[in-house]
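Remarks on the structure that follows.
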Amino acid sequence: MDWSDSDGNEVLDWESDEEPGPGSSPARVADRAGPSDETCKAGPSHRPLVSHFMGMGFSEDMVMKAIKENGEGDSEAILETLLTYAAIEKCPENIDHSHNNCSLASEENNSDGDDLSDISGFEDEDFTMGLSEEDKKYLTLMEMGFHPEEASAAMRRCGPDAQILELADSIHAAEVQESELGESTYSNNKPESFSYNCSRGKRKRFAEETVNKRRCVQTESDSSLISIPKPMVGYGLPNQRITTICRKLPESAVGPPYFYYENVALAPKGVWETISRFLYDVEPEFVDSKYFCAAARKRAYVHNLPIQNRFPLLPIPPKTIHDVFPTTKKWWPSWDPRTQFNCLQTCTASAKLTERIRRALEHYDDLPPLTTQKYVIEECRKWNLVWVGHHKVAPLEPDEIEMLLGFPRDHTRGGGISRTERYRSLGNSFQVDTVAFHLSVLKDMFPNGLRLLSLFSGIGGAEVALHRLGIRLKVVVSVEISEVNRNIIKSWWEQTNQTGTLIELADVQQLSGDKLEELMCTFGGFDLVVGGSPCNNLAGSNRYHRDGLEGTHSSLFYDYFRILDLVKCIMGKNI
DNA sequence: TTCACCATGAAGCTAGTT
DNA sequence: AACTAGCTTCATGGTGAA
């Protein structure tokens, strides 16, 4: 059986997509290799300093020039200059400006190396505007090629006032210590016991190994807790000028197929460790959609996609409440400081609550007492209420939520779906712009379209994202338990005049190996396996059954893994 | 301490049917 | 009028991170 693309026009080099290319971090690559012998060429007076920076991966010429510019005394300034040089050197050829509206103007302004104000590496002020100094330091560390967790850990160790150089040193020191102890938390080559390689006969061993893995969770979770990076920007945001982060995937994680798994970031302790362990030790990418739209949505994504040359969907959505809903500005009281929404959930505020708020405010003109303000703001934050009149708040309408999440207007409207059901479906969905940004790297790889296996499809967030990216959907096998959601996808499929094939199935648990093999025989395999399994038992807002990954609904994650693993095996990478 | 969180389930409501 | 099914409303708390 030939599992290559049926069109025979997409021969991908699956092994090389994460190789350090021209866009990879000089800091990172050299860091791993250790200081080079070339250090000796540096002048005697500068030698320790030059070695230090060359050890971080900067070229000798660059270091010498930076020292000359700043003098030897100010290491922090030298480092900033070096980062600027690195940015200038890499930007034009490594960032694909054709896909986004990234302007080179500010880069030109910085090209003399004197203006270091933009060290955070962002062109679009939108994204840096709200960031604290601490956040900016974090981003700088990431641009230097450090892993998000390394950066977070160093910032915890060194405190909020630590300078970049001190933080970088701290990370190096930690690495040295780890290597001396013979264990590396962030190592690309994890111990054998952690890996789970797909191989012949694996399907038979699946159940047994799954149980063993589950058992491992309790004992290992304490020693390798994943910390959530702050700011929650993942491997970078749109219009970020420097994308130097380079990650090396564990061998067993490399496709085909590509996979993309999503769930709530703030899951109970140990959950993401378990998910990551199952999904071939790929570390989650934590992203808050507040950087992509006007509503927060803290999620983690485990995927084996390349992270270079991502581009955002256009038009870029507005990121403040006032920009999205200009009419609310008229009624927005000065004492309500919100500029963005909290997470759009599956339930909305009751009419009684909005009435209680109206009554609480009716006796005051403009400035109610602080206790009233506090009460109203608290409820507004909790339920994402907007001001629609004097002293009058209201929950967001379903079509407004559709817009915020990046879906076409009326995507969930009609077809017999109730209003409550719309809220629930939307609350459970992807934020399309965020997911599309991550999936955008597939556009150049699959110019003729791709074959998608979409598990827990919901209202088709992944499908909509790929479509909006202009990626043709040759085949979509969508598995979704809810009939109304399946109808929504089918309706969208017809309305958008798709030319591919859509197959809708109801239950991931019923998707057997045989059925999967049959589908893959028909279509020649899948290029991408997307899924966001239920979060019911993980979400903080569930006060009844927050039972973790073993909960009734959330344990369906294991079906995502089971199916992905089957696809990997059938695609035959190791057969 | 404060804040946020893809929720749940019982009770009430409503439209349709007999 | 009585019944039913499906939908809406309402009240409810704990965990984890900063």
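Every chain is numbered from 1, with letters handed out A, B, ... down the list of sequences.
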Touch check for [X], heavy atoms < 4.0 angstrom, all strands: base, sugar-phosphate only, or nothing?
X	value
Cys535(A)	base
Arg381(A)	sugar-phosphate
Ser425(A)	nothing
Glu262(A)	base
Gly532(A)	base
Leu344(A)	nothing

Within this structure, what is the [atom1]-to-[atom2] distance between [X] and [N], rounded to whole angstrom?
X	N	atom1	atom2	value
Lys269(A)	dG16(C)	NZ	P	6 Å
His545(A)	dT15(C)	NE2	C1'	16 Å
Arg297(A)	dC5(B)	CZ	C1'	11 Å
Asn263(A)	dA7(B)	CG	P	12 Å
Arg299(A)	dA4(B)	CZ	P	15 Å
Tyr423(A)	dT8(B)	OH	P	19 Å
Lys382(A)	dA7(B)	NZ	P	14 Å
Glu379(A)	dA4(B)	CD	C1'	13 Å

Does [N] have OP1 or OP2 sitting under 4.0 Å from an N or O in the side chain of [X]?
X	N	value
Thr346(A)	dA7(B)	yes
Ser541(A)	dC5(B)	no
Asn536(A)	dA7(B)	no
Arg356(A)	dA11(C)	yes

Kindly determine whether Glu402(A) and Arg413(A) satisfy salt bridge (charged side-chain N to carboxylate O under 4.0 Å, His left out), including the steps that lead there.
CA-CA 10 Å; Glu402(A) 280 168 355; Arg413(A) 194 178 184 186; over 6 Å; no

Measuring from Asp527(A):CG to Leu450(A):CG, what's the distance to the nearest 0.5 Å?
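Between atom CG of Asp527(A) and atom CG of Leu450(A) there are 5.5 Å.
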
Should the ring pair Tyr261(A) and Phe557(A) be called parallel, tilted or perpendicular, given that the plane angle runs from 0 to 90° and is split at 30 and 60?
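Answer is perpendicular, since the angle exceeds 60°.
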
Upstream residue (5' side of DNA chain C) when Ile228(A) and Thr348(A) are each assigned their closest nucleotide:
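That would be Thr348(A).
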
When you match Leu266(A) and Ala539(A) each to their closest nucleotide on DNA chain C, which lands nearer the 5' end?
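It is Ala539(A) whose nearest nucleotide is closer to the 5' end.
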
Is there, by distance only and without an angle test, a donor paired with an acceptor across the side chain of Arg419(A) and the base of dC7(C) below 3.5 Å?
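A donor-acceptor contact between them is absent.
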
Donor-acceptor pair under 3.5 Å: do we get one between Arg543(A)'s side chain and the base of dT12(C)?
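Indeed there is one.
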
How far, in whole Å, is dC5(B) from dG13(C) if one measures between their C1' atoms?
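That atom pair is separated by 12 Å.
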
Distance flag, aromatic centroids of His391(A) and Trp331(A), threshold under 6.0 Å
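No, ring centres 6.0 Å or more apart.
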
Do any N or O atoms from the side chain of Glu285(A) and from the backbone of Tyr235(A) form a donor-acceptor pair under 3.5 angstrom?
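A pair under 3.5 Å: yes.
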
Closest to the Ser350(A) side chain: dT8(C), dC10(C), dC5(B)?
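My answer, after comparing the listed nucleotides, is dC10(C).
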
Selection from dC7(C), dG16(C), dT8(B) that lies nearest to any side-chain heavy atom of Asn542(A):
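For Asn542(A), the side-chain atoms sit closest to dT8(B).
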
Hunt down the Watson-Crick or G-U wobble partner of dT9(C), both distances under 3.5 Å, from any strand shown, or write none.
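Because both required distances fall under 3.5 Å, dT9(C) counts as paired with dA10(B).
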
Decide yes or no for Lys298(A) and Val264(A): does some side-chain heavy atom of the first lie under 4.5 Å from some side-chain heavy atom of the second?
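They are not in side-chain contact.
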
